[in-house]
Amino acid sequence: MNNLARGGPVQNFYMGSGVLPTVENGQGIYLFDTTGKRYLDASSGPVTCNLGHQNEAVLRAMQNQAEKVCFASYNFFENKPNKVLAKKLINLSGDNFDQAFFVSGGSEAIEASFKLARQYAISVGEKERHKVLARTPSYHGSTMGAFAASSDPQMENTFQKMSKVLPKIPVPFSYRLPQNYNVDTYAEYCANEFERTIINEGPETILAFIIEPVGGLSTGALIAPDFYYSRIRQICSKYGIILIYDEVMSGAGRTGSFLAAEHWNDANPDLIVLAKGLCAGYSPLGAVISPNYIVEKVARDGGFLHGHTYASNPLSCAIAEAVLSEVSEKGLILNAKNVGAYLKSGLEKLAQNSHIVGDVRGTGLLLAVEIVSDKSTKEVFDKKYRAVYRLAEIGMEKGILIYTRKTANGIFGEWLMISPPLISTIKETDLLLELLAETITTFEKETGLY
Ligand SMILES: Cc1ncc(COP(=O)(O)O)c(C=O)c1O
């Protein structure tokens, strides 16, 4: 195993197992390397390429905008793509949101949501509010503010000294539960822990609570029982805390509704952060969507003290507008729901026939399978098997790309994200299931355990 050189000079920054293939081109749900080998993109990259690759309408929009103007700073100009995209995004986001602020990705958008919340609190005379509560494990981004609100013990060992330590509340896991709890009683416990933490910290100091409503990589598409969402909403309202949904992964149609928030109508968040599927990998873009009452207060008091050179970028906004048009015109949200249900039942069948698929989670096309060495005990594989990493390698050999995670070195388990593009057909889903089953069987045999 070669832990050093991986691909070119950029990849050398990352540890990895061996040299990766070099990508040449993409088409639909497939990517091809320079040898012509085809890979089915079973996780949409890092749950990003919602439209698959080389969508023609998006490429046309990209070229059209590039021919007009690629960049014009928001310091000097409004730009049309930004206005059109904001309107479209707000229309798709239902009645609770009126304004959109665009940056270059998920982490930047998370930072923007925290600062917007903080400025709003100051505007309404609540200057003490500054702590953002979050859950453990969680991932909200790589920048220092987003990192401070994320929780992964492995990363914390390295970076926490550089960062403010923010309180964390346990995630209501559904598969690997502490003794004497079931899914509901554990979710109840986690909600109670949220309230207890607020009281301990001083409710007047709590600014916001951030959660991934449908989990991303850190929890493997985890969904809590319905009552959990209403409970945390009620607790936030009781203490005047801004509830932020991190929909970087779950937003833009992936879960079978435009926002995952739509699954829990009695638990509307105050702010939502989007990225990934919003521009579907065609350009870097993230967004915060907000109701008028927050933005108006901040604007009245001098405006948002936050920006980036590429905020409101015309080219990225034009591309995202084309992405969202494709999502609407091609009925991809409904497709995510229907194909997602088909894929999930296929994964459940696969789980029954496999020794190592312990759990299948998620909704729409945001799904994950949890890998265990023993289904009866839910034991995680010994480190020496490199289970999810090896599964990803075998997948690559067989022509299927799988995004994997062993959260916090396996303390919380390990899983494969099964989240193909929203354009996936039933036939392509059958092929995905076939390649995944082959990958799992090959790994099972290789371990010599079954
Ligand atoms: C839930 C969640 N939030 C935030 C981020 C950070 O987004 P980005 O990588 O675009 O900065 C990610 C990225 O994977 C994510 O999955």
Side-chain angles (χ1 to χ4, degrees), residues 10 13-14 41 43-50 101-116 132-152 154-155 159 163 166 168 171 208-224 243-255 259-261 269 271-289 306 308 310-311 313 316 319-320 323 361-368 401-408 412 415-419:
V10 174
F13 280 96
Y14 298 95
D41 196 356
S43 312
S44 305
V47 198
T48 300
C49 305
N50 284 11
F101 180 79
F102 296 102
V103 292
S104 296
S107 304
E108 282 188 6
I110 294 284
E111 304 280 347
S113 73
F114 294 169
K115 287 193 183 170
L116 188 62
V132 177
L133 301 187
R135 308 189 303 179
T136 183
S138 63
Y139 182 70
H140 300 295
S142 282
T143 51
M144 293 311 276
F147 167 75
S150 303
S151 177
D152 178 316
Q154 199 182 6
M155 287 200 213
F159 296 118
S163 161
L166 292 170
K168 299 294 183 315
V171 155
F209 182 44
I210 185 164
I211 69 163
E212 299 157 71
V214 178
L217 203 60
S218 60
T219 58
L222 180 73
I223 302 180
L243 178 60
I244 305 173
Y245 275 6
D246 176 346
E247 295 222 28
V248 167
M249 225 179 239
S250 62
R254 179 150 288 281
T255 68
L259 300 171
L271 295 173
I272 292 185
V273 176
L274 294 142
K276 294 191 184 262
L278 178 60
C279 221
Y282 287 88
S283 188
L285 193 72
V288 185
I289 55 173
H306 182 72
H308 295 277
Y310 289 103
N313 180 261
S316 289
I319 295 168
V323 168
R361 292 196 286 271
T363 188
L365 283 171
L366 183 47
L367 303 172
L401 303 172
I402 313 165
Y403 194 39
T404 65
R405 182 72 180 153
K406 185 170 184 171
T407 291
F412 302 105
W415 35 81
L416 315 178
M417 299 303 292
I418 308 298
S419 49

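Remember, it's 1-based here, ligands and their atoms both numbered in the order they're listed.
Contact shell of ligand 1 (protein heavy atoms, cutoff 4.0 Å): G105, G106, S107, Y139, H140, G141, E212, D246, V248, M249, K276.
Side-chain N/O atoms of R135 and S218 include no donor and acceptor closer than 3.5 Å.
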> Given the rule in the side-chain contact (heavy atoms from CB on, under 4.5 Å) test, do N50 and V323 qualify, once you have shown the distances and angles that lead to the verdict?
Replying inline: CA-CA 9 Å; N50 284 11; V323 168; 5.9 Å; no

>> Quick one, R405 with D152, criterion salt bridge (Lys or Arg N to Asp or Glu O under 4.0 Å). Give me CA distance, side-chain angles, the key distance, then yes/no.
In response: CA-CA 12 Å; R405 182 72 180 153; D152 178 316; 2.4 Å; yes

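Partners of R361 by salt bridge (charged side-chain N to carboxylate O under 4.0 Å, His left out), not counting sequence neighbours, listed by chain and number: D359, E370. Here S150 pairs with nothing under the side-chain hydrogen bond (donor to acceptor under 3.5 Å, both in side chains) rule; sequence neighbours left out.
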Show me, pair by pair, the donor-acceptor contacts under 3.5 angstrom made by side chains of residues 275-282, not counting sequence neighbours?
from, atom 1, to, atom 2, distance (Å)
K276, NZ, P46, O, 2.8
Y282, OH, G52, O, 2.8
Y282, OH, Q54, N, 3.0
Y282, OH, N55, N, 2.8

